[in-house]
Amino acid sequence: MHRQSQLFLPTERQPPADAEAVSHKLMVRAGLIRQIGSGIWSWLPAGWRVHQKAAQIVREEMDRIGAQEVMMPVLVPAELWKRTGRYESEELFKLKDRKGADLVLSMTNEETVTTHAAQIVRSYRDLPFSLYHIQVKERDEPRPRAGVLRTREFIMKDSYSFDRDQAGMEASYEAHARAYDRIFDRCGLEWYAVESDVGMMGGVGAHEYMAPCAAGENEVALAPGYAANVEVASAEPQPVPPLPDRIQGELHTPGASTIEALAEALDVHPGCLLKAFPVVTESRGLILVMVRGDHRVNDVKLQNALRERFRPAHDDELAEHGLVGGYMGPKDGVELILDAAIAPGRYVVGANRPDHHVVIDVPEGERLDVRTVVEGDTVNGHPIRIEPAIEVGNIFKLGTRYSEPLNATYLDENGQERHIWMGCYGIGPARIVAAAIEQYADEHGITWPRALAPWDVHVVALGKEAELKAAEALAEEVEAAGLAVLLDDRPLRPGEKFADAELLGCPLRLTVGRRALESGRAEAQIRRGRVDHEGGVPLRGGGSAVRELWESLP
RNA sequence: CGGGGAGUGGCGCAGUCUGGUAGCGCACCCGGCUGGGGGCCGGGCGGUCGCAGGUUCAAAUCCUGUCUCCCCGACCA
């Protein structure tokens with residue numbers, strides 16, 4: 001039992017002035033965390049209990065699929081990162097020791113864990129296995145924000161699977177996916193898994209586990225049976241009205257150098273226009289990417305479709321090809337990519353001379369899906385909606401991305417040397433905590449899911465002597481029934497104690513005041529929804545009744 | 001990195017434009033009243049005004065530099 005009078009639990013009436021996100025405000029107000037620098041936070045006792053609960057759920061489910069817990073260092077020689085080509089990462093903290101040797105602070109642990117695999121694994125008999133740890137990560141984030149949602153130092157569970165071949169990797173990936181399903185269910189979160197960007201990592205596959213909430217940094221496209229990060233989402237476009245017949249041939253369009261201005265000047269739907277996005281890639285030079293006027297080019301999808309990096313074209317490169325900013329259109333000698341959402345028909349495009357556009361039929365060109373989906377597009381006939389969500393976990397098929405540079409190999413049954421097939425899987429317990437707050441907080445404070453609450457039951461004593469004694473006795477019985485109890489034994493007024501209890505958000509509050517002494521029953525209030533439990537619970541011998549009530553909570 | 005904002009007691013803020021030796025609410029300490037939703041009365045403690053230079057008889061206030069934090073964007077294995 002913890003006595004609130006002795007606890008380091010600094011609750012605040014007002015949120016920090018600079019806090020925006022609900023979870024940020026409430027975590028500080030409820031005394032869970034305190035800031036020490038931009039994106040650098042300490043967890044105070046109550047907050048750490050919650051974090052530990054999330055971490056323990058993760059641990060149990062990792063163990064359940066046979067992953068083995070280890071502990072790898074934060075500080076590692078830069079050499080390994082140089083070998084995998086990740087040393088240049090801007091997010092990587094780099095430092096030197098007194099001898100001048102380069103070191104890095106790990107932001108993830110592929111280099112370390114793969115090095116161990118390379119040291120240890122000899123034979124196909126040594127595979128498969130998975131290792132995980134729950135350890136601090138350091139990232140030089142360009143912009144930490146929203147309390148604990150995006151920080152420079154944070155704790156992450158990362159696991160790594162090692163398999164003989166692709167099929168083995170797929171199986172490990174599936175095992176992790178099922179473990180993740182259980183983890184987020186057990187944590188009481190609303191969540192879903194979405195397709196995510198595999199970027200330059202080999203394109204074998206990745207999913208993100210998303211918890212929808214207002215403070216989320218990701219946009220997720222959702223339809224029945226479909227969920228994807230908008231970075232990679234594909235959907236059927238909504239049709240646009242055809243270009244009116246009155247608009248023909250060459251158009252004098254002075255000053256209409258933006259889609260909005262042009263659509264207004266011509267009085268047509270922006271989707272009747274085509275937007276040109278000139279990019280340059282190393283292997284293909286300048287390419288004109290065109291999307292419907294009401295759509296936006298999606299950088300991630302474009303890069304994936306191009307299978308190489310690109311950058312926006314510079315002005316001199318445009319001039320060199322005879323393209324005119326604001327009035328760009330298809331032109332002989334310029335490679336053309338058309339977004340898949342451009343339906344056949346007539347469109348207004350730039351005429352490649354100032355103040356002029358021209359009506360053309362959809363030209364020939366490479367067709368690729370490179371636009372960002374918008375709300376109302378359809379998947380299998382169902383309109384999608386887009387909502388913000390926070391990424392609480394991800395799973396990633398790495399293939400041999402790290403085993404090759406770090407030379408992690410084994411001998412197969414035929415004595416052939418092969419690279420180990422890997423997967424990596426992350427979870428941020430702090431984000432689970434913040435997401436739970438975001439999803440369930442009400443105007444009074446946090447309402448924890450049972451699985452994460454810092455204490456199961458908050459016993460509030462109103463009164464100094466008899467009430468406090470009775471509250472202590474009740475708290476002991478509840479503890480004896482296997483529940484963690486926080487006892488508010490502070491000599492404060494009822495209003496303050498109730499307000500703090502609601503801020504902290506333990507799932508069940510038992511109140512012991514004069515009324516309880518008179519009736520022999522403590523009032524019980526369920527935090528989520530602030531529902532009074534009819535009749536309360538017995539002051540004496542109430543342990544099992546409390547336990548039963550608690551088990552019925554979300 | 002671009003744009004915007006902010007650093008004054010533990011928290012939230014005023015004071016800065018117009019220079020004159022720092023104030024309010026909450027919290028905290030003491031005493032009293034009160035006692036089921038942040039109550040009341042009285043008395044207190046607590047601040048090198050982010051830091052460093054400069055101007056001035058005098059700087060929280062003006063000037064220069066610098067650090068830090070927040071928000072939007074870019075970025076984010």
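Keep in mind the model is a prediction, meaning the values are calculated, not measured. Chain letters run A, B, ... following the sequence lines, proteins first, then strands; residues in each count from 1.
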Legend entry - Distance, rounded to the nearest Å, where E138(A) contributes CD and A77(B) contributes C1': 15 Å

Inset, instruction - Please state the P separation for the pair G54(B) and G15(B) - nearest whole angstrom. - result: 29 Å

Legend entry - Separation between the P atoms of G19(B) and C62(B), rounded to whole Å: 9 Å

Legend entry - Per L462(A) side chain, nearest of listed nucleotides G36(B), G37(B), A27(B): G36(B)

Legend entry - Derivation and outcome, side-chain contact (heavy atoms from CB on, under 4.5 Å), residues R139(A) and F154(A): CA-CA 9 Å; R139(A) 295 186 188 179; F154(A) 60 98; 3.7 Å; yes

Legend entry - Residue-phosphate contact under 4.0 Å: S38(A) side-chain N/O, C70(B) OP1/OP2: yes

Legend entry - Closest to the P16(A) side chain, choosing from G73(B), G36(B), G12(B): G12(B)

Inset, instruction - Taking only the side-chain heavy atoms of Y402(A) (C-beta and beyond), determine which of C71(B), A77(B), G36(B) contains the nearest atom. - result: A77(B)

Inset, instruction - May I ask you to verify if any side-chain N or O of Q14(A) is less than 4.0 angstrom from the OP1 or OP2 atom of G25(B)? - result: no

Inset, instruction - Can you tell me the distance, in whole Å, between the CG atom of D140(A) and the C1' atom of C75(B)? - result: 12 Å

Inset, instruction - Choose from G36(B), C26(B), C75(B) the nucleotide whose nearest atom is closest to any side-chain atom of R13(A). - result: C26(B)

Inset, instruction - Pick the C1' atom in U16(B) and in A6(B), then give their distance to the nearest Å. - result: 14 Å

Inset, instruction - Tell me what E110(A) touches on the nucleic acid: a base, only sugar-phosphate, or nothing, going by heavy atoms under 4.0 Å. - result: nothing

Legend entry - Opposite nucleotide pairing with G2(B), Watson-Crick or G-U, both atom distances under 3.5 Å: C72(B)

Legend entry - Touch class at under 4.0 angstrom, heavy-atom based, for A146(A) against every strand present: sugar-phosphate

Inset, instruction - Identify, between P15(A) and P491(A), the residue whose nearest nucleotide on RNA chain B lies closer to the 5' end. - result: P15(A)

Inset, instruction - Might you confirm whether atom CD of E90(A) has over 12 heavy atoms from other residues, nucleotides or ligands at distances under 6.0 Å? - result: no

Inset, instruction - Measure the distance from CG on L517(A) to P on G36(B) and round it to the nearest whole Å. - result: 13 Å

Legend entry - Side-chain donor/acceptor contact of R143(A) with base of G3(B) under 3.5 Å: no

Inset, instruction - State the pairing partner of U66(B); accept Watson-Crick or G-U wobble contacts with both distances under 3.5 Å, and report none otherwise. - result: G50(B)

Inset, instruction - Flag the pair K82(A) and D102(A) as a salt bridge only when some basic side-chain nitrogen lies within less than 4.0 angstrom of an acidic carboxylate oxygen. - result: yes

Legend entry - From C71(B), A74(B), G36(B), nucleotide with atom closest to P142(A) side chain: A74(B)

Legend entry - Interatomic distance, Y425(A) OH vs A77(B) P [rounded to whole Å]: 18 Å

Inset, instruction - Remember a base hit wins even if backbone is also touched, and classify P144(A) as base, sugar-phosphate or nothing at under 4.0 Å, heavy atoms. - result: sugar-phosphate

Inset, instruction - Just say parallel, tilted or perpendicular for the rings of W48(A) and H51(A), cut-offs at 30° and 60°. - result: parallel

Inset, instruction - With C1' as the reference atom in both, quote the distance from A74(B) to G3(B) in angstrom, rounded to an integer. - result: 11 Å

Legend entry - Between H176(A) and S159(A), a side-chain donor and acceptor under 3.5 Å: yes

Would you tabulate the side-chain donor-acceptor contacts of residues 504-516 of chain A under 3.5 Å, counting partners in other chains and residues two or more places apart, or write 'none'?
from    : atom 1 : to      : atom 2 : distance (Å)
R509(A) : NH1    : E502(A) : OE2    : 3.1
R515(A) : NH1    : E523(A) : OE2    : 3.4

Legend entry - Nearest-Å distance once atom C1' is located in both C17(B) and C41(B): 40 Å

Inset, instruction - Specify the separation, in whole Å, of atom CZ of R401(A) and atom P of A77(B). - result: 12 Å

Legend entry - For G35(B), the Watson-Crick or wobble partner whose two distances fall under 3.5 Å: none

Inset, instruction - Using a heavy-atom cut-off of under 4.0 Å over every strand shown, decide if A17(A) touches base, sugar-phosphate, or nothing. - result: sugar-phosphate

Legend entry - R493(A) (side chain) and G38(B) (base): donor-acceptor pair under 3.5 Å: no

Inset, instruction - Please state whether the base of G37(B) and the side chain of E502(A) form at least one donor-acceptor pair under 3.5 Å? - result: yes

Legend entry - Rounded distance in Å - CD (E217(A)) to P (C71(B)): 10 Å

Inset, instruction - Classify the ring geometry between W41(A) and H24(A) as parallel (under 30°), tilted (30 to 60°) or perpendicular (over 60°). - result: perpendicular

Inset, instruction - Considering only NZ, NE, NH1 and NH2 on the basic side and carboxylate oxygens on the acidic side, decide whether R528(A) and D442(A) come within less than 4.0 Å. - result: no

Legend entry - A52(B) to A59(B) separation - C1' atoms, rounded to the nearest Å: 15 Å

Legend entry - P gap between C26(B) and G38(B), integer Å: 14 Å

Legend entry - Donor-acceptor pair (no angle test) under 3.5 Å: E12(A) side chain, G12(B) base: no

Legend entry - Salt bridge flag under 4.0 Å for residues R401(A) and E110(A): no

Inset, instruction - By nearest nucleotide on RNA chain B, pick out whichever of R509(A) and S89(A) is the more 5' one. - result: R509(A)

Legend entry - Rounded distance in Å between the P positions of A60(B) and G7(B): 16 Å

Inset, instruction - Look at the side chain of R139(A) against the base of A77(B) and say whether a donor-acceptor pair falls under 3.5 Å; ignore hydrogens and angles. - result: yes

Inset, instruction - Would you mind classifying the nucleic acid contact of N394(A) as base, sugar-phosphate or nothing, using non-hydrogen atoms under 4.0 angstrom? - result: base

Inset, instruction - Using atom NZ of K25(A) as one end and atom P of C71(B) as the other, report the distance to the nearest whole Å. - result: 11 Å

Legend entry - For A14(B), the Watson-Crick or wobble counterpart (both distances under 3.5 Å): none

Legend entry - side-chain N/O R515(A) vs G36(B) OP1/OP2, d < 4.0 Å: no

Legend entry - Minimum-distance nucleotide (side-chain atoms of C424(A) versus C13(B), A77(B), C75(B)): A77(B)

Legend entry - Between A74(B) (C1') and E231(A) (CD): distance, integer Å: 14 Å

Legend entry - Watson-Crick or G-U wobble partner of C28(B), both distances under 3.5 Å: G44(B)

